[in-house]
Amino acid sequence: MLRQRGGGYIRGMPVPDLIEADLTWIDGRFEPGVTVSLAADGRIAAVTRGAAIPGAGAASRAGGAASPARRRLRGVALVPGFVTAHSHAFQRGLRGLGERFPDGAGDFFSWREAMYALVESLDEARAEELSRQAFEEMLDAGYTSVGEFHYIRHLSPERRFALDDAVLSAAASAGIRIVLLHTAYEAGGFDVPLRGGQRRFETRGVDDYWREHERLSRDVASIRDGLASIGVVAHSVRAVPWPTIKLLRRGSRERGQVFHMHVEEVQREVEDCVAAHDRRPMRMVVDELEPGSDFTAIHCTHTLAADLEDFAKSGATACLCPSTEGNLGDGICDLPTLRASGGSIAVGTDLNSRFSPQEELRWLEYVQRVARTRRGVIVDDRGETGPALLRIGTEGGAKSLSLDAGRIRPGALADLCAIDLEHASLEGASAEMLASAIVFGTGPECVLGTWVGGRFRARRGSTRCL
């Protein structure tokens, strides 16, 4: 049974607020004099330009009914909450581990052994604790939504799927919006059985997967304030047989749920797939899975330009995880081809060794600069980098998870982030340059707090009170 602890986010409905920050991110730029009205249903009721709030004050009562609390947020910039579209929350427990190289070098597969050792050590309490730590750190960093690519499942052969509820309980306790990306995982490689810690990931065919998916759907629906939803995932072509992947993809479309999948993260996966299927993974995706706006491929670090172009033209999303891809030595995605072909981009925290949306976004650009020896690879139609990256970290992630978030507009989810304009790292930043100043010059220390579904949570350790 799903446990929901007494965090402020999950007690009752949000109190309506009228909020005016010094600057608010609207339609790709920061504007002054914008009032955002938060509704009782956790959405944005209205966005009004030029209706300034003269001062801060507590909510008053008239005729026995609560009037909106009016908040003038001085020294604050309001942005949409950041979205991490790809996370393995339990890997928060690997922080500092897997960084020794007694043989002189390592790769993704040597790191994976450290991850499996962590998996084998997990019990239900530890899985929930690590997940809660990750989700709370995400909120402190400005993330309001997480796509949790979840595959730690079983405590033992007798207690299958016992860890599913631990992750959902952790998200409910922290108060983050979660899309539980329920992951199928059947094999240790092409025609290789599961071994060791991998056995705790196991799903036994399509029927086993959908039975647990339906149970999790009921649990997700029970989380108060609508902070949870669910998606369909095939871990990768090496971990799920191709016929099963096709059935899962069909099921995701029938249910109207997003579909996520690791694609071409490491070269060995590509080579093994070609040996098994005589095609590369992304070519199989494009030819047989009908990628579209509901489809997200994770990493794509070894995807050929022609395959990436066809994938992008479908309207699908590539989710990149720059800090993780750097940590694991995965490689660099061909972003110019992806962007030129109209593809969407999201970012994820993946390994969760660090939580900073600004860092993920600037390294999204920096690794391209290093690989291509030129600056300004990711720019908008005005040639600006910061605004383009800020939209990737908000709108791009929301699209990947099919969330009505990522923009400050009427009807959208009231998932917001307060940036401290009085922080030393933003000193002298004008409204015109603020997006780039935030992305390229700040980190979690500039976050004052977040709203999720209209409820405010101050960043732990913040010395300013809104």
>> side-chain contact (heavy atoms from CB on, under 4.5 Å) for Leu163 and Leu155? Distances and angles first, verdict last.
In response: CA-CA 7 Å; Leu163 298 182; Leu155 282 176; 3.7 Å; yes

>> For Thr303 and Asp334: C-alpha separation, side-chain torsions, deciding distance, then whether side-chain contact (heavy atoms from CB on, under 4.5 Å) applies.
In response: CA-CA 8 Å; Thr303 302; Asp334 181 2; over 6 Å; no

>> Please determine whether side-chain contact (heavy atoms from CB on, under 4.5 Å) holds for the pair Val237 and Trp242, giving the CA-CA distance in whole Å, both sets of side-chain angles, and the decisive distance to 0.1 Å.
In response: CA-CA 6 Å; Val237 292; Trp242 187 248; 3.9 Å; yes

>> Please evaluate residues Glu360 and Ser323 with respect to the criterion side chain to side chain donor-acceptor pair (under 3.5 Å), reporting the C-alpha separation (whole Å), side-chain torsions for both, the decisive distance (0.1 Å), and the verdict.
In response: CA-CA 6 Å; Glu360 299 292 350; Ser323 64; 2.5 Å; yes

>> Using the rule given for side chain to side chain donor-acceptor pair (under 3.5 Å), can you reason through Ser87 versus Glu148, listing the C-alpha separation, both sets of side-chain angles and the distance that settles it, and then say yes or no?
In response: CA-CA 5 Å; Ser87 160; Glu148 182 56 29; 2.8 Å; yes

>> Run the side-chain contact (heavy atoms from CB on, under 4.5 Å) test on Val232 and Trp210 for me, step by step, so that the C-alpha distance in whole Å, both residues' side-chain angles and the decisive distance to 0.1 Å come before the verdict.
In response: CA-CA 10 Å; Val232 180; Trp210 288 123; 3.9 Å; yes

> Can you check salt bridge (charged side-chain N to carboxylate O under 4.0 Å, His left out) on Arg132 and Glu128, steps first, answer last?
Replying inline: CA-CA 6 Å; Arg132 179 187 51 76; Glu128 182 168 350; over 6 Å; no

>> Ser400 vs Thr296, test: side chain to side chain donor-acceptor pair (under 3.5 Å). Steps then yes/no.
In response: CA-CA 6 Å; Ser400 171; Thr296 296; 2.9 Å; yes

> How far apart are the C-alpha atoms of Glu269 and His299, what are their side-chain angles, what is the distance that settles it, and do they pass the side chain to side chain donor-acceptor pair (under 3.5 Å) test?
Replying inline: CA-CA 12 Å; Glu269 174 191 298; His299 300 304; over 6 Å; no

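Enclosure of atom CZ in Arg391 is not indicated, since only 12 or fewer non-hydrogen atoms of other residues, nucleotides or ligands lie within 6.0 angstrom. A 6.0 Å sphere centred on CZ of Arg160 holds more than 12 heavy atoms belonging to other residues, nucleotides or ligands. Applying the 6.0 Å contact sphere to CZ of Arg372 captures more than 12 heavy atoms from other residues, nucleotides or ligands.
Side-chain atoms of Thr349 never come within 3.5 Å of backbone atoms of Asn352 as a donor-acceptor pair (strictly under, hydrogens ignored). Without hydrogens or angle criteria, Arg455 side chain to Gly175 main chain gives no donor-acceptor distance under 3.5 Å. Of the possible polar contacts, none joining the Arg153 side chain to the Tyr185 backbone as a donor-acceptor pair under 3.5 Å is found. In this structure a side-chain-to-backbone donor-acceptor pair under 3.5 Å is present from Thr324 to Leu351. Formation of a donor-acceptor pair under 3.5 Å by the Arg457 side chain with backbone atoms of Thr450 is not found in this model. Distance alone, capped at 3.5 Å, is enough to place a donor-acceptor pair between the Ser436 side chain and the Gly386 backbone. Of the possible donor and acceptor atoms, none in the side chain of Arg362 sits under 3.5 Å from a partner among the backbone N and O of Leu389. At least one donor-acceptor pair under 3.5 Å links the side chain of Thr301 to the backbone N or O of Glu264. His150 contributes no side-chain N or O that, together with a main-chain N or O of Leu181, makes up a donor-acceptor pair within less than 3.5 Å. Looking only at distances, no side-chain donor or acceptor of Gln198 sits under 3.5 Å from a matching main-chain atom of Gly196.
Counting all heavy atoms, side chain and backbone alike, Asp380 lies closest to Ala388 at N-CB, 3.7 Å. Considering every non-hydrogen atom in both Ala45 and Pro410, the closest pair reads O-CB, 4.0 Å. The two residues Ser402 and Val258 make their nearest non-hydrogen contact at CB-CG1, 3.5 Å. The shortest non-hydrogen separation linking Ala184 to Leu248 is CB-CD1, 3.5 Å. Closest non-hydrogen pair, Pro291 versus Ala316, comes out as CB-CB, 4.2 Å. Residues Arg407 and Ala412 come closest through the heavy atom pair O-CB, 3.6 Å.
Residue pairs meeting the ring-ring contact (aromatic ring centres under 6.0 Å, His included) criterion with at least one member in residues 360-399, sequence neighbours excluded: Trp363-Tyr366, Tyr366-Phe440.
Note that the CD1 atom of Ile298 and the CG atom of Asp350 stand 8.0 Å from one another [nearest 0.5 Å]. Glu186 contributes atom CD, which lies 14.5 Å from atom CZ of Phe201 (distance to the nearest 0.5 angstrom). Within the model, atoms OG1 of Thr385 and CG of Leu364 stand 11.0 Å from one another, a figure rounded to the nearest 0.5 Å. Residue His235 holds its NE2 atom at 10.0 Å from CE of Met261, rounded to the nearest 0.5 Å. Separation of atoms CG (Leu403) and CZ (Arg177) is listed at 6.5 Å; rounding is to 0.5 Å. Atom OG1 in Thr244 sits 11.0 Å away from atom CG in Asp208 (nearest 0.5 Å).
Between Ile378 and Leu335 there is a side-chain heavy-atom pair separated by less than 4.5 Å.
Residues passing the side-chain hydrogen bond (donor to acceptor under 3.5 Å, both in side chains) test with Arg218: none are found, sequence neighbours excluded. Partners of Arg283 under the side-chain hydrogen bond (donor to acceptor under 3.5 Å, both in side chains) rule, at least two apart in sequence or in another chain, are Asp287, Asp307, Asp310. For Glu137, the salt bridge (charged side-chain N to carboxylate O under 4.0 Å, His left out) criterion is met by Arg92, Arg95, not counting sequence neighbours. Take Arg249 and apply the side-chain hydrogen bond (donor to acceptor under 3.5 Å, both in side chains) test, not counting sequence neighbours, and it matches Ser252, Asp294. Annotation: side-chain contact (heavy atoms from CB on, under 4.5 Å) contacts of Arg43 (sequence neighbours excluded): Asp41, Asp404, Leu413.
His88 and His262 have tilted rings, their planes meeting at an angle from 30° to 60° on a 0 to 90° scale. Ring orientation note: the planes of Phe295 and Phe311 are nearly perpendicular, at an angle over 60° on the 30°/60° scale. Using the six-membered ring where Trp is involved, Tyr209 and His213 have ring planes that are parallel, under 30° apart on the 30 and 60° scheme.
Residues Glu309 and Lys313 are paired through a salt bridge, judged by an N-O separation under 4.0 Å between the basic side chain and the carboxylate. Between Arg215 and Glu212 there is a salt bridge, since a side-chain N of the basic residue sits under 4.0 Å from a carboxylate O of the acidic one. The pair Arg238-Asp272 does not meet the salt-bridge criterion, since no charged nitrogen lies less than 4.0 angstrom from a carboxylate oxygen. A salt bridge links Glu129 to Arg126: one of the charged nitrogens lies within less than 4.0 Å of a carboxylate oxygen. Under the 4.0 Å criterion applied to side-chain N and carboxylate O atoms, Arg29 and Glu384 are not assigned as salt-bridge partners. Salt bridge present: Glu365 and Arg369 bring a charged side-chain N and a carboxylate O closer than 4.0 Å.
You'll find the ring centres of His260 and Phe149 outside the 6.0 Å limit.
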